[in-house]
A.B. asks: 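I'd like to ask some things about the structure below.
A, B, ... follow the sequence lines: proteins, then strands. Residue 1 opens every chain.
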Protein chains: 4
Amino acid sequence: MTTTTTKRSRTKPAEVRRDELMDAAQALFMEKGFAATSVAEIVEGAGVAKGTFYTYFQSKDEVLAALRERFIEGFRDRVAGAVDACHGSWMDKLEACAEACVNAYLDEVVLHDLVFHQYQPGNRALKSENPVVTCLVGMLREGEGAGAWRLVTPRLTAVMLFGAFHGAVDEALSRDEAADRASLVGAVVRFWRNALTTAA
Amino acid sequence: MTTTTTKRSRTKPAEVRRDELMDAAQALFMEKGFAATSVAEIVEGAGVAKGTFYTYFQSKDEVLAALRERFIEGFRDRVAGAVDACHGSWMDKLEACAEACVNAYLDEVVLHDLVFHQYQPGNRALKSENPVVTCLVGMLREGEGAGAWRLVTPRLTAVMLFGAFHGAVDEALSRDEAADRASLVGAVVRFWRNALTTAA
Amino acid sequence: MTTTTTKRSRTKPAEVRRDELMDAAQALFMEKGFAATSVAEIVEGAGVAKGTFYTYFQSKDEVLAALRERFIEGFRDRVAGAVDACHGSWMDKLEACAEACVNAYLDEVVLHDLVFHQYQPGNRALKSENPVVTCLVGMLREGEGAGAWRLVTPRLTAVMLFGAFHGAVDEALSRDEAADRASLVGAVVRFWRNALTTAA
Amino acid sequence: MTTTTTKRSRTKPAEVRRDELMDAAQALFMEKGFAATSVAEIVEGAGVAKGTFYTYFQSKDEVLAALRERFIEGFRDRVAGAVDACHGSWMDKLEACAEACVNAYLDEVVLHDLVFHQYQPGNRALKSENPVVTCLVGMLREGEGAGAWRLVTPRLTAVMLFGAFHGAVDEALSRDEAADRASLVGAVVRFWRNALTTAA
DNA sequence: AATGAATGAGTTTTCATTCAT
DNA sequence: TATGAATGAAAACTCATTCAT
C-alpha cells in the first residue's frame, strides 16, 4: 500500500545520481583538495547516504578519474569548437585557438589542477594525451599543408605552444592579472605567432 | 676499527640529522608516493625514533616543502651555472640555458613531479616564483639591453619559454623519447629562438 | 529463547548507544580519572568499535561535558522534586531543599568531583549557572514575596547558601562523617535558617 | 683557565632556580591549565634546559604539589595577619576575616582553582585541610568562649562560612561584578553575621 | 649543575568501506 | 536501490623523561 508512494522520489535515474555525486565531489575537491575531502562530505553534498556512493563508484579515487574524463572532454570540445567556428586564415585560426585555450583554462583552472596534479608515481602520460594538444597538432599540420608555416616536429611544437600558453596563464593567475584577458590573449597570440614564424 | 666511528655520540649535528631525514623521506616518497608513505617508514629509513622526526619537522607536509626548496635551489644553481659558464653571444647563452633546463629536468623528473604535483588549493604561486624563470627574465632583459631581441613583456615571455620547454620535456618523457636529448634540446632551442625573433 | 533478543540488529537506537558509551565512560572516569582513561577503554567497556565512539562524540572532552550536563540535570530534578513535594511553610520548604541537596550530593560525590574538578581556565561560570542555585533563587524570591524573609540580594544569598551546604558536605566527606546524614542535614538547615533570619 | 669565567653565571643557588621554575610553571598553568602546559614550555619560561627541570622536580605533578603548598601558606598568612591586626570586637574580627578572605581569594582565584581543582580519585581531603578554615575555627571558638556567639559545631560552621564566601566570590567573578569589592565584602559580612546570630 | 638531542610508548582521531535492513 | 550505523585498521603526533656530554 504505502510502497507505491514511498518508492517513487527516492530512486532517481542512475545517470542523474551519478552526476549529482560527481558534481558534489568536484565542488568539494576544488574547494579543499582531494585528500582533504571525505566521502562523508561528498554524500552530504549530494544529499544521499554513505552507502549510495559505493553503488556508483568503487572508491574515492574512481570519482576523480571520472572527473578527469569529464574535464578533458569538455575542454577539447570547447577549443575545437572555437577553431572550427573560425573561418579566417590559418593565423586567424591559431589566434582563435590561443584565445579559446586561455579562456577555457582560465574558466576552469582549479578543476584542471585538481584532476591533473595528483602525484602518483607514473601518471605522467596523462598530460600528453591531452586532447587540446592533439587538436593543436591537427591544426598545425593542416596549416603546414596549406603553407601557413613550416614545422620540423609538429607534435613537439604543439606541446611547446601549449606549455607556453599554460605558463602564461599560470603566471597571470598567480599575479592576479588574469582579469585582463585581452592582454593575456594578446601576449600568447604574439608569442605563438613568433614561434611559428621562421626567421628568414 | 669501525668502532670508533660508530660509537661516537648518538647525537649528530642538527643539519646532518635533518638531511638524513630528508633523504629517507625523498627516497620513500619517490618510490611509493607521498600519501602512501608514513612517518613511521621515514624514521625507520633514517634510523631514528618517531619523535626525532618531529624535532626537525612540524609535520609530514613540512618535509615535502623542505624537499621542494632543496629541489628548486639545486635546479636553479645548475641552470644559472650553465648560463654563467657560457661566454658566447646572447643567443648562445639562451641555448646554454635551454640545454641546461632540459638536462636538469630530465635528470630529476621523478623528484620534480613529487615536489610539485600535490594539488592543494592555492599553491599555484609556487610555479611562478620559480627561480629558473627569474633567471631567464634576467637574461632576457640583459639580452634586450644588448639589442639581442626586443620584448613587450619580459616576464611573461620568460614564463612562456619555460612553459614551452617544460611541455616539450614532458612530452618526450611520456613518449619515451627522452633518451635522445640532443634532438630535444635542438627542438627547444629552435622554438625559443623563433619565439624571440620578431618577424620583421 | 534469548536468541531473538541478542540477534537483533547490531545497530541500536542512537540514544541507547550514546547512553551506553556515557555509562562506560563514567564508570571508567570515576574509577581511574579522566586523563588516565583512554578512548580505547571506553569503547571496550561499551562493547563497540573505536570509530563508534566518534559517531556519538567529537572528542573525549565532549563525553565529559555530556556527563556534566546529565549530572546537573539529575541533581536539579532531584532537588526541585523534593521542594515541590513539600507542602509546608516556607521554612519547611527551605529545609526540604537543604535536605535534598545534602542527600543528592552525598549520593553522587564521586561523579560530582569528576565532572567539576577538571581545571580549565574560565569554566568558572558553570558553577554559577548552576540550576540548583537558580531553583534556590526562585524559592527565596517566592518566600520573600510571602513575607517569610527579607533579602537584599537574592541571587548572592542563594549562592552563599549553596556554597555553605557544599562546604559542609565536603567537610563531612573528608572527615568520613558523611554517614550520619541526619546531623549533617541538621547543621545545614540550622545554618540556612539563621542566615535567612535577620536579627531583629 | 676558561673554567672560572664560564662556570659562574650558569649555576644559580638551587633555591632560586627552583623558584624560577615554579614561577614559570605557575604562570603557564594559570594561563592554559595544567594538562595543557608542557614541561618544554615551563623550561622555556624559566630560561633553562629541559634536563634542568628534572634536577629540581621528579615529575610535572611534583611542581603542582609544590605550588599548592606555596599557595596554602601564603593564603593563610594573609588572612591570619588581617585577623591579628584587628583589635576590635569579635564581630569586628569576623568582619576583618571575611574581608581578608574575599580579597585574598579575589587576588588569587585562578591560582586557587589551579592547585585545588585537579580531579584525581580521592584528593578531597585537600580542601578541608584548608588553613583558612582552621584559622576561622580558631576565631569562632575564641569568640564563643568570649560569648560573642554560640555554635553547635564550630568546624562545620567555619566550613559553611567559608563555603558561603567562596560561592559569593565565584558568583561575582562569573558575573564580572568582582570589581566592586566593597559591596561583595558587605554582602558576605552581612550573611556571616546573620548566620552567627542565633534567632532569639 | 646544566644541557638539549633523542627517545618511543601511548593516545587521539580519521575515514574509506561494509552490510544488515 | 538506498540507507547509515558500525567498523577497525592505520596514521599522525605528543611529550614526559632520560642520559651522554
A.B. asks: Say whether, by atom type as modelled, one donor and one acceptor occur between the side chain of Glu69(A) and the main chain of Ala66(A) under 3.5 angstrom.
C.D. replies: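 Not at all, since once roles are kept as given, no pair shorter than 3.5 Å links the two residues.
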A.B. asks: Could you tell me how far apart Glu20(D) (CD) and dA1(E) (P) are, to the nearest whole angstrom?
C.D. replies: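 Glu20(D) atom CD is separated from dA1(E) atom P by 16 Å.
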A.B. asks: Ignoring backbone atoms, establish whether Arg17(B) has a side-chain N or O less than 4.0 Å from OP1 or OP2 of dA6(E).
C.D. replies: yes
A.B. asks: Find the distance Glu41(B):CD to dA12(F):P and express it as a whole number of Å.
C.D. replies: 9 Å
A.B. asks: Could you pick out which residue, Gly47(C) or Ala40(B), lies toward the 5' side of DNA chain F when each is mapped onto its nearest nucleotide?
C.D. replies: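 Its nucleotide being nearer the 5' end, the pick is Gly47(C).
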A.B. asks: In whole angstroms, how far is the P atom of dA6(F) from the CD atom of Glu44(C)?
C.D. replies: 18 Å
A.B. asks: Calculate the interatomic distance between Phe57(C) atom CZ and dA6(F) atom P; express it in whole Å.
C.D. replies: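 Rounding to the nearest Å, CZ of Phe57(C) and P of dA6(F) are 12 Å apart.
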A.B. asks: Are Arg18(D) and Glu15(D) close enough for a salt bridge, meaning some N to O gap below 4.0 Å?
C.D. replies: no
A.B. asks: Just so I know, are the side chains of Tyr56(A) and Val63(A) near enough to count as touching, which here means a heavy-atom distance under 4.5 Å?
C.D. replies: no
A.B. asks: Considering only heavy atoms from C-beta outward, does the side chain of Leu21(D) approach that of Val48(D) to under 4.5 Å?
C.D. replies: yes
A.B. asks: Could I get the full list of side chain to side chain contact (heavy atoms under 4.5 Å, CB included) partners for Asp23(C), not counting sequence neighbours?
C.D. replies: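 Only Arg70(C) meet the side chain to side chain contact (heavy atoms under 4.5 Å, CB included) criterion with Asp23(C).
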A.B. asks: In whole Å, what is the span from the CG atom of Leu28(B) to the P atom of dA12(F)?
C.D. replies: 12 Å
A.B. asks: Answer yes or no: are there more than 12 heavy-atom neighbours, outside Glu44(A) itself, under 6.0 Å from its atom CD?
C.D. replies: no
A.B. asks: Please tell me if the side chains of Asp19(A) and Val16(A) come closer than 4.5 Å, counting only heavy atoms from C-beta onward.
C.D. replies: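 Not in contact.
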A.B. asks: Considering only heavy atoms from C-beta outward, does the side chain of Ile42(B) approach that of Leu28(B) to under 4.5 Å?
C.D. replies: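 Touching, per the 4.5 Å side-chain cut-off.
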A.B. asks: Please figure out whether Ala14(B) or Lys60(C) has its closest DNA chain E nucleotide nearer the 5' end.
C.D. replies: Ala14(B)
A.B. asks: Side chains of Gln26(D) and Phe71(D): closer than 4.5 Å at any heavy-atom pair?
C.D. replies: no
A.B. asks: Could you check how far CD of Glu62(D) sits from C1' of dT17(F), rounded to whole Å?
C.D. replies: 14 Å
A.B. asks: Would you mind reading off the distance between Lys12(B) atom NZ and dA20(F) atom P, rounded to a whole angstrom?
C.D. replies: 18 Å
A.B. asks: How long is the line joining CZ of Arg18(A) and P of dT1(F), in whole Å?
C.D. replies: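 About 13 Å, once rounded to whole Å.
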A.B. asks: Using a heavy-atom distance cut-off of less than 4.0 Å, which residues of residues 48-56 of chain B contact DNA chain E?
C.D. replies: Val48(B), Ala49(B), Lys50(B), Gly51(B), Thr52(B), Tyr56(B)
A.B. asks: Select from Val39(D) and Val39(B) the residue whose nearest nucleotide in DNA chain F is closer to the 5' end of that strand.
C.D. replies: Val39(B)
A.B. asks: Requiring both pairing distances under 3.5 angstrom, list the stems that contain DNA chain F and are made of three or more consecutive Watson-Crick or G-U pairs.
C.D. replies: E:2-21 with F:2-21
